[in-house]
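Below you'll find the structure, written out as structure tokens, and then a few comments.
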Amino acid sequence: MISLKSAREIEAMKASGAIIAGMHQELAKIIKPGMESWAIEEFCHKYIEEHGGVAAQIGFETYKYATCVSINDYVCHAIPRKGVFLKEGDIVKVDTVVELDGAFSDSCWTFAVGEVSPEVAALMAATKKALYLGIDQAVIGNRIGDIGAAIDGYLSENGYGNVREYIGHGIGPTMHEEPSVPHFGNAGRGLRLKEGMTITIEPMVTLGGWQTRIVAEESDWDAAKTADGSWCAQYEHTLAITKEGPKILTSQDAEMDAKYL
């Protein structure tokens, strides 16, 4: 079932999204070589609760943590771990969902650890651009396929892998709702976008192929890595479909996102 949100509900989701945005902004200031994966979890969980939110991933399908912390060739769903430390040149994806007074928001961000290689910096830039190309298609009357086609066309033209097993989704009144939002597809095909829909767009982009594999050593949770060992970046926003165009509810940069706010 797809729920259409009122202006009031969208504003509530924006307040929830502001907690995630602030968390990522502060996390960017402290990410550095030698930082433990578990320290990221502790910081984020504390930040969410100190700002009145609930770390909504905890308890979702038995998941135990406020964040997913996915390093380098991990694509997504890696658990934060003690004894795993960031190294110079790594990239780390930090994904979380926040609930505030019943309103949900979801965002993932990729952070450079120290100075990354030019190839990795280009991957990060391309992934972020792909996200915004998708957002630009999230307008009333367009179809889900328009979002995926814009993302996949750009990534294919530039030689990047576009993960297919993990996709965006509707959000609110719970964490994962219809519709599914793939980052690939055919323009003009799929569900038509309507005012009041709230969705995530979250391309996962690799330096190699798009295929992934499940990592068994993640104990009670299925983390994913790239099948070929290539590194992966991801950026994700929660957004609303409105008469004024797509509105980003998890924005970290009011100047860059001015047309989406």
Side-chain angles (χ1 to χ4, degrees), residues 2 17 20 68 70 72-78 91 93-97 105-110 120 122-139 141-171 175-193 197-214 222-228 230-241 245-252 257 260:
I2 298 172
I20 297 184
C68 298
S70 306
N72 298 341
D73 61 334
Y74 278 89
V75 174
C76 59
H77 300 165
I91 54 173
K93 286 83 68 181
V94 181
D95 189 2
T96 195
V97 180
S105 57
D106 184 359
S107 181
C108 179
W109 217 248
T110 300
V120 170
L123 169 69
M124 294 171 66
T127 306
K128 189 180 290 186
K129 181 170 181 178
L131 167 63
Y132 279 84
L133 288 172
I135 291 172
D136 284 339
Q137 294 299 314
V139 298
N142 270 7
R143 294 184 180 272
I144 290 289
D146 294 315
I147 296 172
I151 292 171
D152 194 52
Y154 168 73
L155 294 174
S156 296
E157 288 171 6
N158 288 277
Y160 291 105
N162 181 17
V163 170
R164 290 173 174 253
E165 292 97 333
Y166 304 94
I167 61 177
H169 52 87
I171 183 168
M175 188 186 305
H176 283 174
E177 301 279 334
E178 292 295 328
S180 296
V181 186
H183 308 113
F184 54 92
N186 297 313
R189 303 293 295 273
L191 183 77
R192 194 175 296 279
L193 300 173
M197 285 183 177
T198 48
I199 61 174
T200 73
I201 300 177
E202 47 184 298
M204 302 167 207
V205 182
T206 78
L207 287 169
W210 60 264
Q211 295 86 351
T212 65
R213 64 184 179 89
I214 297 300
D222 289 340
K225 280 188 170 185
T226 58
D228 59 11
S230 61
W231 285 19
C232 178
Q234 181 190 9
Y235 293 93
E236 173 189 14
H237 276 312
T238 295
L239 58 136
I241 313 299
K247 298 299 180 184
I248 296 175
L249 306 180
T250 49
S251 173
Q252 299 180 38
D257 293 342
Y260 306 105

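Every heavy atom of this structure was used, including side-chain atoms; hydrogens, water molecules and symmetry mates were not.
- Between H183 atom NE2 and I201 atom CD1 the span is 7.0 Å, to the nearest 0.5 Å.
- In this structure, T238 OG1 and I171 CD1 are separated by 4.5 Å, a value rounded to the nearest 0.5 Å.
- Here S230 pairs with T206, L207, T226, D228 under the side-chain contact (heavy atoms from CB on, under 4.5 Å) rule; sequence neighbours left out.
- The closest side-chain heavy-atom distance from L239 to I135 is below 4.5 Å.
- When all heavy atoms are compared, the tightest approach of A138 to P246 is O-CB, 3.5 Å.
- Taking the side-chain contact (heavy atoms from CB on, under 4.5 Å) definition, one finds that W109 meets it with H24, S107, F111, K128, Y235, H237, Q252, sequence neighbours left out.
- Residues A130 and L155 approach most closely at CB-CD2, 3.9 Å, considering heavy atoms.
- Residues passing the side chain to side chain donor-acceptor pair (under 3.5 Å) test with D136, sequence neighbours excluded: Y260.
- For the atom pair C108 SG and I20 CD1, the distance stands at 10.0 Å (nearest 0.5 Å).
- Under the rule for a side chain to side chain donor-acceptor pair (under 3.5 Å), E178 has no partner lying at least two apart in sequence or in another chain.
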Take V75 and K225 through the side-chain contact (heavy atoms from CB on, under 4.5 Å) test and state the conclusion after the steps. CA-CA 5 Å; V75 174; K225 280 188 170 185; 5.5 Å; no
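- Residues A150 and L133 approach most closely at CB-O, 3.9 Å, considering heavy atoms.
- Two residues are said to be in side-chain contact when any heavy atoms from C-beta on lie closer than 4.5 Å; L131 and T127 fail this criterion.
- Of the inter-residue distances, the one linking C232 atom SG with Y160 atom OH reads 12.5 Å to the nearest 0.5 angstrom.
- Using a 4.5 Å heavy-atom cutoff, the side chains of V94 and T96 are not in contact.
- Shown here are the side chain to side chain donor-acceptor pair (under 3.5 Å) partners of E236, two or more places apart in sequence or in another chain: there are none.
- Residues that satisfy the side-chain contact (heavy atoms from CB on, under 4.5 Å) test with R192, not counting sequence neighbours, are R143.
- Here the side chain of K93 pairs no donor or acceptor atom with the backbone of A78 at under 3.5 angstrom.
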So N142 and I147, side-chain contact (heavy atoms from CB on, under 4.5 Å) or not? Walk me through it. CA-CA 8 Å; N142 270 7; I147 296 172; over 6 Å; no
Could you walk me through whether T212 and M204 pass the side-chain contact (heavy atoms from CB on, under 4.5 Å) test, one step at a time? CA-CA 11 Å; T212 65; M204 302 167 207; over 6 Å; no
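- For residues 144-158, the pairs satisfying side-chain hydrogen bond (donor to acceptor under 3.5 Å, both in side chains) are D152-N162, with sequence neighbours left out.
- Q211 pairs by the side-chain contact (heavy atoms from CB on, under 4.5 Å) definition with A227, not counting sequence neighbours.
- A heavy-atom distance below 4.5 Å is found between the side chains of Q234 and E202.
- For the pair V205 and V163, the minimum side-chain heavy-atom distance is 4.5 Å or more.
- You'll find the side chain of L193 reaches within 4.5 Å of the side chain of I144, heavy atoms only.
- For D95, there are no side chain to side chain donor-acceptor pair (under 3.5 Å) partners, not counting sequence neighbours.
- Side-chain contact check for D106 versus H169: some heavy-atom pair is nearer than 4.5 Å.
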If you apply the rule side-chain contact (heavy atoms from CB on, under 4.5 Å), what do you find for I167 with F184, and how did you get there? CA-CA 9 Å; I167 61 177; F184 54 92; 4.3 Å; yes
